[in-house]
K.L.:
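Pasting a structure below so you can have a look.
All heavy atoms count here, side chains included; hydrogens, waters and symmetry mates do not. Order of the sequence lines sets the chain letters (A, B, ...), proteins ahead of strands, with each chain counted from 1.
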Protein chains: 2
Amino acid sequence: MKITIKDVARISGVSVGTVSKVINGKPVSEKIRSKVIETIHELNYKPNQHARSLITNKSYTIGLIVTNITNPFFGEIVSHIKEDLEQKGYNLLLGISRDQSSEEKVTIENFVSRHVDGLIIVPTRDGEHELEHIYKLRQQKIPFVFITSQYLGIRADCVMSDFTKGSYQLTSHLLDNENKEIYFLTDSKELLLSSKRIDGYRMAYMERGITYKENWIIETLPNFESAYKTTEGIINNQIPDAIMTINDVMAMGVIKCLKDNGIKVPEDVSVAGYDDLLFSSMFDPPLTTVKQPIEEMCKETVDILIKRLQGYDKEFNVHLYPSELIIRESTK
Amino acid sequence: MKITIKDVARISGVSVGTVSKVINGKPVSEKIRSKVIETIHELNYKPNQHARSLITNKSYTIGLIVTNITNPFFGEIVSHIKEDLEQKGYNLLLGISRDQSSEEKVTIENFVSRHVDGLIIVPTRDGEHELEHIYKLRQQKIPFVFITSQYLGIRADCVMSDFTKGSYQLTSHLLDNENKEIYFLTDSKELLLSSKRIDGYRMAYMERGITYKENWIIETLPNFESAYKTTEGIINNQIPDAIMTINDVMAMGVIKCLKDNGIKVPEDVSVAGYDDLLFSSMFDPPLTTVKQPIEEMCKETVDILIKRLQGYDKEFNVHLYPSELIIRESTK
DNA sequence: CAACAAAAATGAAACGTTTCATTTTTGGTC
DNA sequence: GACCAAAAATGAAACGTTTCATTTTTGTTG
């Protein structure tokens, strides 16, 4: 038998409305409050969230959509966001987009019909071209914030790290340590997360008056195998001083390929990644990389979202976090 | 302005009850069905899930509690379970226990008040001693199934791999390839996931009539750093033929320590892990390990849970999956 | 202790569905 | 076309809360 608010009211000898007030922390005389709280414990009463949500139109649930949870980088994001949300009394409904806009769309629609109060979204690779479902979100006044990257087609809150600066620092470090000819393996140049980093790469070269070739910048899929194959292609032609990638898993692919071909890292070729995964420090050699302040970024993301939920409706902002150059042993 | 079932009814010119039938796929004349569906699309009507859940007492939401989502092994589990659940029309509320029974308890209570239909739980390390909240779940008739491991204190559905056999196979492989003195780094021996594997380890030795020393089996925390430190302790005394661990991250810690001390893997010491993480094949050297059929296990877990949700109440079972020995280059 | 304002408590409506007992429609048969 | 059973549609109650207009209690003042 389910215990409802009516039972609590009856046994406490007060009205249903009064019990509701106690539950929601509204003013009630101290005598009655303690009496009600006592019976709540006694009966082990838990309010039915569906009934509450039906009236208040709040679910105290946030939808988080990540592209791929198998990558520990996103695992960390989920972990931190979950923790921050929990601390604020919100639950976390998880969505996985597999980096496809179509799945992002379906997930969002589902979440909306599930009445999430807000959304945190890691943008997909191909999402820029199909933003209808995001516009609809805005139109329905459901707050959302992007983390890690953003869609340029819509003004929105966004928390990301300063890719340009991170890339600039990394490239500078390489150039200043006798790596003049640096290949750069990126994702599609159309994507913000590529283009911003390419900007940083170029800046470092220009600032030093060193020339680079545009064909050193190579588009490829951002995974281990593609990085491996692309590296094979590069070393067939010539051995560069260094190879940079846009994430650590790619850097691992590069290193594996070099090793398999008898090329030493970092003696023959320096290799650098991006993200600073847990595994990157365990790798052989430990990876030089750029660390994004994920924990802080997640915290801010949640803070912004909660503020929006509370009605804050000032202009949308992009929050850029500085990232940190981590120098380990994969670069000379 | 929110579109409700009343609007659909009014515009379609039918009663609310009829629209409800259409939505829930109950028998309705074809003419009316198509008319109603048309207006549903026209108005872009989405049923309010809270109102539905309030009556049906179903939320079409499953709570999944993992110990730590930063480990890609669990990332994969979450990913697969999410996919299977989605396919069956269920949503996934995520919980993280940080391997602590107390947090598991809080999460479960929260999920219950959120009316999850069922739960999938990865047991914590210290959960065996405090099972009250699990008993309560049973008492409230909320179905749950364990994955990866189980609590012995309660009969329940459980999907796990055959650790004994996996360990046996791995140990056998080592013994049959000139590794006679095998150290085994495990988690607390009290834990099922340790004790089962130790059984397999011993079986392999006994079967071959080879003697091992009980002090080769060493308890430690199941992470990189602890494995590293423990390995330092071992090699200070003597260099064994091989070191086995209960997960791949630990094996990586062992290898790192050996390398740092100028000991070659596998030439001087063989090292083997367990889990076959994505990174294990990329590691240097690529890890010999045991792969659990995660994908199938997740599928079965979801299947069992759904069956329970549908009222199946036959005896609880432990489903043991065979695991696969993956021989790579970290063992001779 | 009467009068009154302020504070506290009440109880019914409302939220948006599903369910089910009741009514209406359909279509087959004589 | 009258009759009837079966099929379809209806409409009101119910789910467990919150909200808010109304009533009751409390406490202060002259």
Side-chain angles (χ1 to χ4, degrees), chain A residues 1-40 43-61 89 91 110 112-117 140-141, chain B residues 1-40 43-61 89 91 110 112-117 140 309:
Chain A
M1 241 284 303
K2 263 287 156 214
I3 308 270
T4 76
I5 199 172
K6 282 182 197 163
D7 301 313
V8 177
R10 186 168 35 79
I11 294 183
S12 311
V14 300
S15 74
V16 163
T18 303
V19 176
S20 176
K21 278 186 192 158
V22 172
I23 293 170
N24 293 286
K26 305 234 171 104
V28 161
S29 73
E30 199 39 57
K31 202 177 70 193
I32 287 194
R33 152 165 283 112
S34 56
K35 173 67 189 149
V36 169
I37 287 180
E38 192 186 321
T39 49
I40 284 179
L43 300 180
N44 191 29
Y45 162 74
K46 309 271 187 225
N48 181 321
Q49 300 296 337
H50 294 309
R52 303 181 93 164
S53 299
L54 179 56
I55 293 206
T56 60
N57 249 324
K58 304 222 172 312
S59 64
Y60 279 89
T61 301
N91 271 95
N110 174 24
V112 168
S113 88
R114 251 39 182 199
H115 285 250
V116 295
D117 294 338
Q140 289 173 105
K141 300 203 187 306
Chain B
M1 239 283 303
K2 263 288 155 213
I3 308 268
T4 75
I5 199 173
K6 284 181 196 162
D7 301 313
V8 177
R10 187 168 34 79
I11 295 185
S12 311
V14 301
S15 74
V16 163
T18 303
V19 176
S20 175
K21 278 185 194 161
V22 171
I23 293 170
N24 293 286
K26 305 231 171 110
V28 160
S29 73
E30 199 40 57
K31 203 176 69 194
I32 287 195
R33 152 166 282 113
S34 57
K35 172 69 188 148
V36 169
I37 287 181
E38 191 185 322
T39 50
I40 284 179
L43 300 180
N44 190 27
Y45 162 73
K46 308 271 187 223
N48 181 320
Q49 300 295 338
H50 294 309
R52 303 182 93 164
S53 299
L54 179 56
I55 294 205
T56 60
N57 249 324
K58 305 222 172 313
S59 62
Y60 280 89
T61 301
N91 271 95
N110 173 23
V112 168
S113 89
R114 242 62 173 186
H115 285 251
V116 296
D117 294 338
Q140 289 172 107
L309 291 176

K.L.:
Measuring from atom NZ of B:K2 to atom CD of A:Q140, what distance do you get when rounded to the nearest 0.5 angstrom?
P.N.:
5.5 Å

K.L.:
So if I take residues 7-23 of chain B and measure heavy-atom distances to DNA chain D, which residues fall below 4.0 Å?
P.N.:
B:V14, B:S15, B:G17, B:T18, B:K21

K.L.:
Given A:V22, which of A:V8, A:I5, A:I37 fulfils the side chain to side chain contact (heavy atoms under 4.5 Å, CB included) condition?
P.N.:
A:I37

K.L.:
Measure from CG on A:L54 to C1' on D:dT17 and round the result to the nearest Å.
P.N.:
8 Å

K.L.:
At 10 degrees resolution, what angle do the end axes of the helix from C:dC1-D:dG30 to C:dC30-D:dG1 form when each is taken over five base pairs?
P.N.:
40°

K.L.:
Would you give the length of the straight line joining atom OG of B:S12 to atom OH of B:Y45, rounded to the nearest 0.5 angstrom?
P.N.:
11.0 Å

K.L.:
How close or far is atom P of C:dG16 from atom OH of B:Y45, stated in whole angstroms?
P.N.:
10 Å

K.L.:
If you compare every side-chain N and O of B:S29 against the phosphate oxygens of D:dA9 (OP1, OP2), does one of them come in below 4.0 Å?
P.N.:
yes

K.L.:
Which part of the nucleic acid, if any, lies within contact of A:N57, taking any heavy atom under 4.0 Å across all strands shown: a base, the sugar-phosphate backbone alone, or nothing?
P.N.:
nothing

K.L.:
Given C:dG16, C:dT17, D:dT17, which nucleotide is nearest the side-chain atoms of B:K2?
P.N.:
C:dG16

K.L.:
What is the distance, rounded to the nearest whole Å, between atom CZ of A:R52 and atom P of D:dT18?
P.N.:
5 Å

K.L.:
Of all the choices, C:dG16, C:dC15, C:dA9, which nucleotide is nearest to the side chain of A:I55 once you look at every atom?
P.N.:
C:dC15

K.L.:
At 4.0 Å (heavy atoms only), tell me whether A:K26 reaches a base, stays on the sugar-phosphate, or touches nothing.
P.N.:
sugar-phosphate

K.L.:
Nearest to the side chain of B:I32, heavy atoms from C-beta on, is which of C:dT17, D:dA9, C:dA9?
P.N.:
D:dA9

K.L.:
Rounded to the Å, how far apart are B:K6 NZ and C:dG16 C1'?
P.N.:
7 Å

K.L.:
Can you tell if the side chain of B:S59 reaches within under 4.5 Å of the side chain of B:R114, non-hydrogen atoms only?
P.N.:
no

K.L.:
Between atom CG of B:L43 and atom CD of B:E38, what is the distance when rounded to the nearest 0.5 Å?
P.N.:
10.0 Å

K.L.:
Figure out the NZ/C1' separation between B:K46 and C:dT17, and round it to whole Å.
P.N.:
17 Å

K.L.:
Applying side-chain contact (heavy atoms from CB on, under 4.5 Å), run through B:N57 and B:H115 and close with a yes or a no.
P.N.:
CA-CA 8 Å; B:N57 249 324; B:H115 285 251; 3.6 Å; yes

K.L.:
Counting only side-chain heavy atoms from C-beta out, which of D:dG16, D:dT19, C:dT17 sits nearest to A:T4?
P.N.:
D:dG16

K.L.:
Choosing from D:dG16, C:dA9, D:dT18, which nucleotide comes nearest the side chain of A:N24?
P.N.:
D:dT18

K.L.:
Select from A:T56 and B:V28 the residue whose nearest nucleotide in DNA chain D is closer to the 5' end of that strand.
P.N.:
B:V28

K.L.:
Applying side chain to side chain contact (heavy atoms under 4.5 Å, CB included) between B:V14 and each of B:T18, B:V16, B:I11, report the one that passes.
P.N.:
B:T18

K.L.:
Rounding to an integer number of Å, can you tell me how far B:I3 CD1 sits from C:dT17 P?
P.N.:
11 Å

K.L.:
Given B:R52 and B:N24, is the side-chain contact (heavy atoms from CB on, under 4.5 Å) satisfied, shown in steps?
P.N.:
CA-CA 11 Å; B:R52 303 182 93 164; B:N24 293 286; 2.9 Å; yes

K.L.:
Ignoring hydrogens, what is the shortest heavy-atom contact between A:D7 and A:I3? Give both atom names and the distance.
P.N.:
OD2-CA, 3.4 Å

K.L.:
Please report the C-alpha distance between A:V28 and A:K35 in whole Å, then the side-chain angles of each, then the deciding distance to 0.1 Å, and finally whether the side-chain contact (heavy atoms from CB on, under 4.5 Å) criterion is met.
P.N.:
CA-CA 11 Å; A:V28 161; A:K35 173 67 189 149; over 6 Å; no

K.L.:
Rounded to the nearest angstrom, tell me the gap between atom CZ in A:R33 and atom C1' in C:dA7.
P.N.:
14 Å

K.L.:
Check the distance between C:dT17's C1' and A:H115's NE2 and give it to me in whole angstrom.
P.N.:
11 Å

